[in-house]
Amino acid sequence: MNKQTIMDLDVKGKKVLVRVDFNVPLDEKQNITNDKRIISALPTINYLLDNRAKIILMSHLDRPKGKVIPKLSLKPVAKRLSELLGKEVKMMPDCIGKEVEQQVKQLKECEIALLENTRFHKEETNNDSEFAKTLANLADIFVNDAFGTVHRAHSSNVGVAQYLPSAIGFLIEKEIKYLNEAIENPERPFTAILGGVKVSDKIDMITNLLEKVDNLLIGGAMMFTFLRAMDYQTGRSKLEEDKIDLAKELLNKAKNNGVNLILPKDVVIADKFDNDADIKEVSVNNIPSEWIGLDIGSGTIAEFQNVIKASKTIVWNGPMGVFEMENFAKGTLSIAKALAEVKAITIIGGGDSASAVEKFGLSEAMTHISTGGGASLAFLEGKELPGISAIQDDKSSR
Ligand code: AMP
C-alpha cells in the first residue's frame, strides 16, 4: 500500500482540504469529553502550518442522517482545536455553499477554516459525486487523515479524491504502518487476543487471523459460543446459538492451520448480570445452569499471560469480560497490564479494548492504539479500505 503522503506534495500557499476524524464524544451540554481524536490530527495540521498552507478541515460528527442538527455542530471542536493550536480556527456556517466558498477563498497562508459537519447533507454518506465535486472545488489538494472512516466510501473521503491531487496524512500513515506491519510481516510468535460479545461480528477477522497468527486467545462472551461448540454447558452466559456450527468450523480451521487456539479453562460466574451479584470462579466444565459467565478466571489469566510473555507481536481486539463492572474487569485489566509490560509490538484495535486500556491508564505503554474501531477491524479482516484505495499511489509504485 504505497500511497502518496502529505510530504510528497508542495503545499506552500495552496488550499489544502483535509478530511480529519473529529467525531468526538460530547456531553449533553456539547462539552467534548475526550479530545484524543483532535490531538491525533495535530501532526498533519502542524505540518501544514509549518509549510504555509491554507488549511480547510472537514469531518463528520455522529449520525445526523442528512439533517442539520445544531447539537451535532462541530463548533465545540473549532474552539478546542483553537485552544490546542493557540490560533484562531474559523468555523464555517456549512461545508458547501456561497458563503463558505467566499470565506475559504479569502484564507491566507497558515489560516485554518473548519467546515461544518459533512453529514448534515445526506449526499455525504451516499458518496454523491456532485457533492464531492463541490467540496473539491474549495481546494487545490486533498489530504485524507481520517483513519476512523477509511472503511467507508463517502463523498468527503473517497469521492473528493477523484477531483484533486491527493495524499494521506500522518495519522493514516502511522495506522497503516503498524497494522500492516503486524499483519503482513510480524515478528513471531504472533498472537491475537480476541474478546467482546459477537462471533458473528468478528467471523471475517477470526478467519483472516487464522491464516496469520501463531496463537489465538479467545475471551469475552464470544468464548461461550466456542465452548458450546466443544459441548460444554455454559448456563445462562451470553452466546450465539446459531453460530455454534461456525465456531466448530473455526476450531477445525485453527487445527488445520497449526494455530494454537486457546479457550479459557476457568471463568468468573455470577447469579445475575450485576456487579453486586453472587460471584464465584469455576472450571469451564462446571458452570451451573442458572449462572452467567462474565469474565475469564485466574487460571486462564495466568495461561494467557504466559503466552503474551513469549510473544513478539500481539494484536488485541475486544474485552475479556464485562470490564465496565468492577467485579468483572480483572481479566481485561490483567491482559492490558501484561501487554503493557511485555517487550513486544503491542497493537490495540480501536473500540472497547482501546477504551479499556485508556480507562486503566496504560495507553502510553502500548506500541500503537488504533483510533478507529470499525476501520481497524476491517484492516484485521483483510478487507480493502476505500478511503485509502482512493488516494493516489506514490511515484515509485505508479
Ligand atoms: P464488542 O463490541 O463485541 O467488542 O463487545 C464489547 C462488550 O463485550 C463490552 O461491553 C463487554 O461488557 C462485553 N462482554 C465481554 N465479556 C462479556 C460476557 N462474558 N458477557 C456479556 N458481555 C460481555
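Whatever order the structure lists them in is the order used to number ligands and atoms, beginning at 1. Worth saying up front: this structure is predicted, and the values here are computed from it rather than measured.
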Is [X] salt-bridged to [Y], cutoff N-O under 4.0 Å?
X: Lys253; Y: Glu211; result: yes
X: Arg19; Y: Asp145; result: no
X: Lys71; Y: Glu28; result: no
X: Lys212; Y: Glu184; result: yes

Please could you name the atoms of ligand 1 that [X] approaches to less than 4.0 Å, counting only its heavy atoms?
X: Gly196; result: 1 (P), 3 (O), 4 (O), 5 (O), 6 (C), 8 (O)
X: Phe224; result: 19 (N)
X: Gly293; result: 18 (C), 19 (N), 20 (N)

* Tell me: protein heavy atom nearest atom 21 (C) of ligand 1, and distance? -> Val322 CG2, 3.7 Å
* Could you tell me whether Ala221 and ligand 1 have an N or O pair separated by under 3.5 Å? => yes
* Begin from the C-alpha positions of Met58 and Leu138 and carry the test side-chain contact (heavy atoms from CB on, under 4.5 Å) through to its verdict. => CA-CA 11 Å; Met58 65 175 162; Leu138 296 172; over 6 Å; no
* To do: May I ask whether Met223 places a heavy atom under 4.0 Å from ligand 1?
  => no
* Asked: Does at least one non-hydrogen atom of Asp352 fall below 4.0 angstrom from an atom of ligand 1?
  -> yes
* Asked: Got a sec: does the CZ of Arg188 have more than 12 other heavy atoms crowding it under 6.0 Å?
  -> yes
* Asked: Looking only at non-hydrogen atoms, which of Lys202, Glu324, Met320 approaches atom 4 (O) of ligand 1 most closely?
  -> Lys202
* To do: Just go through Val197, Thr234, Leu194 and tell me whose heavy atom is the nearest to atom 7 (C) of ligand 1.
  => Val197
* **Distance-only donor-acceptor check, side chains Glu281 and Ser298, under 3.5 Å** => yes
